[in-house]
**Q** 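Starting off with a structure, shown below.
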Amino acid sequence: MTEQLYYHIQKLVPGFTVTQEKIAPFLHTRMVKKEELLLRENEICDTIYFVNKGCLYLFYEDKAERQVIHFALENWWITDYKTFADGKLAVYSIAAIEDSEITCMSRKNYESLLLQYPLLALYFNKIHERAYGAALMKQKTFATVSKEDFYRYFRNTYPELIQRIPDPIFASYMGVSMDILKTYQDLYVS
């Protein structure tokens, strides 16, 4: 377990006093290379990932093209939540956008951790509330503004993230071609 994750837990749940040593056996940290796949569609999704350093993304394949759904930067968790919860085959894949350090926890360890330390359920509830709120905001924004306005919104709201995402991945996230993305970038050169 990294100190970063431990501090993240304490930040969201200040009353959490269990030592790192007691939580560490439930987790393992590893390095992943750029474009390394952590999860593939149609595999069992039994792991949730915390990003210590780097950036991951969630996507699915459609007609041999990646359709990007979500990103995870430092201090964000990511998994295929639908299949992580029910143990079925993944409907999404997860890959690294850049070389990354991640902390991994299996579904079995996740459930054991929550049973042994129930206050961590509050931590994960806060994580999931934030993630769900962000997903709803993306959906609303995406549905109510033009693609150009969405680009401007994303650029203004997440300037550090947009610098780290390769253009083809961001174009997929927006649902536009590379030519359209280039047009938007040219319009909003700082």
Side-chain angles (χ1 to χ4, degrees), residues 1-14 16-41 43-61 66 68-85 90-114 116-117 119-135 138 154 157-170 172-173:
M1 168 180 221
T2 63
E3 284 190 26
Q4 181 177 344
L5 174 54
Y6 187 72
Y7 292 139
H8 193 255
I9 293 168
Q10 289 184 317
K11 178 181 174 187
L12 293 181
V13 185
F16 187 75
T17 58
V18 176
T19 65
Q20 289 184 51
E21 292 76 25
K22 290 183 179 179
I23 301 169
F26 297 91
L27 307 158
H28 74 277
T29 299
R30 63 182 265 225
M31 301 299 292
V32 294
K33 294 288 186 189
K34 179 180 179 178
E35 284 304 317
E36 183 176 335
L37 283 169
L38 302 169
L39 175 67
R40 287 180 175 83
E41 287 179 65
E43 290 181 348
I44 297 292
C45 176
D46 66 351
T47 306
I48 186 170
Y49 307 96
F50 178 82
V51 181
N52 296 297
K53 182 181 177 196
C55 186
L56 307 178
Y57 68 109
L58 182 85
F59 65 94
Y60 64 93
E61 298 283 342
R66 289 184 177 182
V68 178
I69 303 296
H70 179 65
F71 300 103
L73 288 171
E74 290 83 4
N75 297 322
W76 292 11
W77 287 91
I78 191 169
T79 193
D80 179 341
Y81 281 102
K82 169 71 173 109
T83 60
F84 181 72
V91 294
Y92 298 107
S93 297
I94 299 173
I97 288 179
E98 55 196 31
D99 290 349
S100 302
E101 178 188 83
I102 59 172
T103 297
C104 312
M105 183 168 34
S106 70
R107 178 70 191 187
K108 180 182 175 187
N109 283 352
Y110 175 80
E111 290 174 355
S112 296
L113 184 70
L114 295 183
Q116 194 164 344
Y117 303 106
L119 198 52
L120 281 175
L122 177 59
Y123 168 75
F124 281 103
N125 188 60
K126 287 182 177 192
I127 295 299
H128 299 141
E129 285 174 343
R130 289 176 174 190
Y132 186 64
K138 179 206 174 197
F154 198 94
T157 306
Y158 306 105
E160 74 291 344
L161 179 55
I162 205 165
Q163 298 300 317
R164 295 169 69 179
I165 301 171
D167 289 346
I169 293 174
F170 192 68
S172 171
Y173 178 73

**Q** Filter on salt bridge (charged side-chain N to carboxylate O under 4.0 Å, His left out), then keep only pairs touching residues 71-85, sequence neighbours left out; what's left?
**A** E74-R164, K82-D86

**Q** Output every pair passing salt bridge (charged side-chain N to carboxylate O under 4.0 Å, His left out) with a member in residues 26-36, not counting sequence neighbours, ordered by first then second residue.
**A** R30-E36, E35-R66

**Q** Can you find a heavy atom in the side chain of L39 that is under 4.5 Å from one in the side chain of Y92?
**A** no

**Q** According to ring-ring contact (aromatic ring centres under 6.0 Å, His included), who are the partners of H128, at least two apart in sequence or on a separate chain?
**A** Y81

**Q** Starting at CG of L122, measure out to CD1 of I9 and round the result to the nearest 0.5 Å.
**A** 11.5 Å

**Q** Quick check: does any side chain N or O of E111 sit under 3.5 Å from a backbone N or O of K108, one acting as donor and the other as acceptor?
**A** no

**Q** Show your reasoning for whether side chain to side chain contact (heavy atoms under 4.5 Å, CB included) applies to N75 and Q4.
**A** CA-CA 8 Å; N75 297 322; Q4 181 177 344; 3.0 Å; yes

**Q** Applying side-chain contact (heavy atoms from CB on, under 4.5 Å), name anything that partners P25, two or more places apart in sequence or on another chain.
**A** none

**Q** Once side-chain hydrogen bond (donor to acceptor under 3.5 Å, both in side chains) is applied, do any residues pair with E41, and if so which ones, sequence neighbours excluded?
**A** none

**Q** How long is the straight-line distance from CD1 of I69 back to OG of S172, given to the nearest 0.5 Å?
**A** 7.5 Å

**Q** Name all residues meeting the side-chain contact (heavy atoms from CB on, under 4.5 Å) criterion together with T17; count only those two or more places apart in sequence or in a different chain, and write none if there are none.
**A** none

**Q** Please list, chain by chain and in numerical order, all residues satisfying ring-ring contact (aromatic ring centres under 6.0 Å, His included) with Y158, sequence neighbours excluded.
**A** F154

**Q** Of all the heavy-atom pairs spanning T83 and A90, show the shortest one and how long it is.
**A** OG1-CA, 3.5 Å

**Q** Taking ring-ring contact (aromatic ring centres under 6.0 Å, His included) as the test, write out the residues that go with F26, two or more places apart.
**A** none

**Q** To check you understand the geometry: which heavy-atom pair defines the closest contact between L113 and M105, and what is its length?
**A** CD2-SD, 3.7 Å

**Q** Less than 3.5 Å apart, which donor and acceptor atoms pair up between the side chains of residues 46-55 and the rest of the protein, not counting sequence neighbours?
**A**
unit_1: Y49; atom_1: OH; unit_2: L38; atom_2: O; d: 3.2
unit_1: N52; atom_1: OD1; unit_2: T2; atom_2: OG1; d: 2.8
unit_1: N52; atom_1: ND2; unit_2: T103; atom_2: OG1; d: 2.8

**Q** Considering residues at least two apart in sequence or located in another chain, which fulfil the side-chain contact (heavy atoms from CB on, under 4.5 Å) criterion with E3?
**A** Y7, Q20

**Q** Which residues satisfy the side-chain contact (heavy atoms from CB on, under 4.5 Å) test with L12, sequence neighbours excluded?
**A** H8, Y123, K126, I127, R130

**Q** If I compare all heavy atoms of R107 with all of A85, which pair ends up nearest, and what's the gap?
**A** NH1-CA, 3.8 Å

**Q** One pair to check against ring-ring contact (aromatic ring centres under 6.0 Å, His included): W76 and F71. What are the steps and the verdict?
**A** CA-CA 9 Å; W76 292 11; F71 300 103; 8.5 Å; no

**Q** If you compare all heavy atoms of Y57 against all heavy atoms of I78, which two are closest, and at what distance to 0.1 Å?
**A** C-CD1, 4.1 Å

**Q** Using side-chain heavy atoms (C-beta onward) and a distance below 4.5 Å, is I102 in contact with V32?
**A** yes

**Q** Under a 4.5 Å cut-off applied to non-hydrogen side-chain atoms, are I97 and P166 in contact?
**A** yes

**Q** Are any non-hydrogen side-chain atoms of S100 and L56 less than 4.5 angstrom apart?
**A** yes

**Q** Using the side-chain hydrogen bond (donor to acceptor under 3.5 Å, both in side chains) criterion, which residues pair with E160? Sequence neighbours excluded.
**A** none

**Q** Does the gap between the ring centers of Y173 and F59 come in under 6.0 Å?
**A** no

**Q** Should T79 and Y110 count as side-chain neighbours, where that means a heavy-atom distance under 4.5 Å?
**A** no

